[in-house]
Structures are given as structure tokens and as C-alpha cells.
Amino acid sequence: MSTSARSWVETANDPECGFPLVSLPWCVFQAGDERRIGVGIGERILDVKGCADEGLLDGLSAALLTACRAVQLNALMELGEAEWGRLRARLKALLAEPTNADEEARAREVEKLLIPCRDAVFAMPAAIGDYTDFYASAHHARRVGSLFRPENPLLPNYKWVPIGYHGRASSVVLSGTPIRRPSGQRKGENCAPIFAPTGMLDYEAEMGLFMGAGNALGERIAIGEAEKHIFGLCVVNDWSARDMQSWEYQPLGPFLAKSFATSISPWIVPLEALEAYRVPGPERASDDPLPLPYLQSTTADVDGIDVQVTVALRSAKMRAEKMEAMTVSRGNLRSLFWTLRQMVTHHASNGCNLRAGDLMATGTISGAEAGSEGCLLELRATRGPLRLPTDEDRIALEDGDEVTIRAWAQCDGWPRIEIGSCAGVVAAE
Ligand code: CA
């Protein structure tokens, strides 16, 4: 189906809308006491369980129909790419402009299963078994590294091995959930450690991928197959307590400075929806090493994705004075040093079994240029304290600060694809 295919849901045909027929991102929404799987179309959500119950998905496999009636997406993720493809094709057919009287009658049936997005209450799209956070932006790694090791900002392994750590899945929350300021150990005034609420709370603008069907324990995922295992993308804020992090991270890496909360946006956007936005994978400088063979892709000319990522900040004072949030940075997914393919393949390269519903995040998305720093730690290093329109300064998040990370794809001639918005307000400890 072409990216310009029209839907009878009129708002979906507005190129600015973000939810065209080609996209149909997944979500889970609250329908009364029940949670249901849906897809976004225009300014509506199509109730996928309702479609199954009304016989509109007849002919698809029994496993697929069962997965459509589930309260989270894991069963559907598990069924694999061919089955999601068949379901998406059917949903697109139900929502495409009718070409005959039968299709017109069917569209009237489907219309009863649309819910306005503005009334929707979203729920966690999947039960997340494991959460892994990468460090895929060399610009981020270099800037952060230069704060600690000015003479040697990028460690020698960086361009050989996709760096990551195992995060905490239990504290992944949906956009809109307040983030309670964590307490923890950090260095005190005279270097003796103290236990206190963090004074250096930060955000990290990232994108996440949800795994579809995984690999068996002991098996790997070939780089050419890696994207078939990706169910879709979302926006991630990997909240971080910098003072706790710098005290605890040696020698094993992030621990409690990260595990108190991670926020995600409600939609999961299939890679198929972003076909028009594929761009070459990251360029390696002439003195960069080639990836080892298991990380070498034969599709490097389309391994990147042009997705814009912005961070906006609004303090409690700005809210009280009815000011809009201030955009503090703009980055792009295409600027990462490691691709989504490489992250998935590397993660499974030791035979570790990835499972449907696992979440992997890219790590902070920062570009080379000033204004693209995806966290306050970097912003402070390049620009000094952030001055808000209320004349408040920020080197770290204060109670009441609201952080909103948004991601979307947009270029001339193609409909905008909304990835999502991930917001959270910092609550006092
Ligand atoms: Ca991170």
C-alpha cells in the first residue's frame, strides 16, 4: 500500500495529522473497566478487540484473534512479523476508502468502533520482561566522557562494541506518571557519602524499541534478520540521578541512579510506517574501525531512520504563569553511531534470549551541534545553566518541572508520522 493511501477517516488524510493510514501505531487503551488493544488512525483509535468481536477479522488465524482480545500486546508481539503483517493489512483494508457498496457498508460497521483520541486513557502497551539501555550516540558518549576524562573522552571500545546495561523493567511507567524524586547515596560536602534526595535529577531523550518474536536461548539473531524482530518504536525518558550515578557507577555501571523510573510514550509505531524515512546508517570516519562481521549490515544505505526528537521543559512557575513549555533541544535518531539492527543483533550475539515485550532503548540521542544535547548534563557542559523564560536557571530538574520528549518523522511530500510524546512531572521526594 502506498504511503498516500486514503482513509475514510478524514482526519487521517491531513498530512500534518501524524496518524495516516500507513502508520496505524499500536496502543492499549482503557475502555470502561477493560483494557483493549487499539490502533491510531487520524484523531481516532480503532478498537481492535471490537473488530475481532464483530467478525471483522474473520479468516485470520485463531492465535491472532486471541492476541487481538488480550489486554496487552505481548501475545501479538510473540506471533511474529508475518502475523502482525496480516493483521495490519486487514486493519488497513477496513480503514481504506471504500471502492464498492460492500466496503461502504463495512466502513459504517467499523465507524462504531472508533474512539476519539482526546478522550482516550492509555495503559501500558506491554508487560515488559526486560529493559536494556544502550549508549548508541557517540556525540553523547563523547560529551559525557569529556566531563570525566577530557584527554580521552571516548573509550577505546566505543566504536567496536555497542555499549549498554541491563535496566529495571518494573519501574518503566507510562507517559504522564509523576516521577518522585529518588533518594540515594552520593558524595557529601567533605567527601563522606550521605543518603539524601538527589540534587542532580536529569532526563535523557531516547527512543525505545519493543521486541516482537525473540530468539531461543543459545541462538543468535543475524543482522539481516534483526528488524523482523522489532515490533515497533516508542519514545523513552531514562530519568537519571547524576550525583548518585557518579558515586555508584564504578566499576559496574549504572544502578540505582537509573532504576527509579523510566517513562515511555503510549504508541508503538511499526518500522513499516517509517519506510519513507529510511536514510543511510551512520557514517564512519576513515579512521573508525569497520564493525566486526556479525555487526556488518548489507542494507547500510537504509539502516538509519530520520526521526526528530525534541525535549521541552516547563517549570511549576511557567505553568502557574500559563507559559508554554520551552523547547530546550532538538536531536535526530539518525545521528546515532549504532543502528537498531546492530543493537538487537549485538544483544543476542552471546545467545541471550530476547523475548516479546522486551524494551531496548537507544541511550541519549544527542547530535554533534549545540542545541542537540539530549540531557541537562550535556546542556550544562556546552551552554551553562539553562535559563527559562521565567528567569529561573536550571542545572538539574527541580520539583514541579515537567519534561516532555516528542518524536516524529516528517519530510516534504510524505505524511508526518507521530511516534509519540513522553511527559513526566517531577514530584517532591
Ligand atoms: Ca540512558
Side-chain angles (χ1 to χ4, degrees), residues 128 130-148 153-155 157-158 161-173 175 177 179 182 184 198 200-210 233-250 252-265 307 309-311 328-329 331-333 335-340 342-344 346-347 358-367 372-381 396-397 403-407 419-420 422-424 426:
I128 299 171
D130 280 291
Y131 161 50
T132 303
D133 195 18
F134 281 90
Y135 199 49
S137 164
H139 305 296
H140 171 67
R142 189 178 291 110
R143 248 186 234 113
V144 171
S146 67
L147 296 175
F148 300 103
L154 216 50
L155 290 170
N157 60 356
Y158 188 84
V161 57
I163 302 291
Y165 69 92
H166 288 109
R168 184 79 197 162
S170 65
S171 54
V172 180
V173 296
S175 172
T177 307
I179 303 302
T198 176
M200 292 300 283
L201 187 61
D202 201 353
Y203 57 81
E204 293 193 329
E206 309 195 7
M207 294 212 31
L209 66 84
F210 271 99
L233 304 183
C234 65
V235 184
V236 174
N237 185 348
D238 180 34
W239 303 92
S240 302
R242 300 300 183 195
D243 41 7
M244 290 161 58
Q245 187 179 352
S246 60
W247 174 237
E248 74 174 9
Y249 88 108
Q250 287 174 319
L252 281 186
F255 185 31
L256 303 183
K258 302 277 191 173
S259 62
F260 59 95
T262 303
S263 304
I264 62 167
S265 57
V307 172
V309 182
T310 61
V311 180
V328 295
S329 70
N332 195 301
L333 181 62
S335 69
L336 297 183
F337 187 80
W338 295 104
T339 64
L340 302 179
Q342 287 168 324
M343 289 180 227
V344 170
H346 181 65
H347 204 317
D358 284 357
L359 176 68
M360 285 182 211
T362 56
T364 307
I365 299 173
S366 296
S372 65
E373 304 90 339
C375 61
L376 281 176
L377 179 68
E378 282 178 71
L379 266 175
R380 189 173 74 243
L397 296 172
V403 180
T404 305
I405 305 172
R406 293 191 59 210
I419 310 291
C422 179
V426 178

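Positions are given from 1 along the sequence. Every number for a ligand or one of its atoms is a count from 1 in the order of the listing. Here the structure is a predicted model, which means the values were calculated and not measured. Because only heavy atoms are used, hydrogens play no part in the values below, and waters and symmetry mates are left out as well, while side chains stay in.
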min-distance N/O/S atom, D238 vs the Ca ion (ligand 1), resolves to OD2
Heavy-atom closest pair (Y203 atom, C375 atom, distance to 0.1 Å) is O-CB, 3.1 Å
What N/O/S atom of D133 gets nearest to the Ca ion (ligand 1)?
OD2
Paired with L209, the side chain to side chain contact (heavy atoms under 4.5 Å, CB included) test is passed by just one of D358, V344, T362, L359, namely V344
Run the salt-bridge test on R242 and E204 with the 4.0 Å N-O cut-off and return the result as yes or no.
yes
Would you mind naming the N, O or S atom of E204 nearest to the Ca ion (ligand 1)?
OE1
Name, closest N/O/S atom of E206 to the Ca ion (ligand 1)
OE2
Counting only N and O atoms by type, is there a donor-acceptor contact under 3.5 Å from the side chain of S175 to the main-chain atoms of A423?
yes
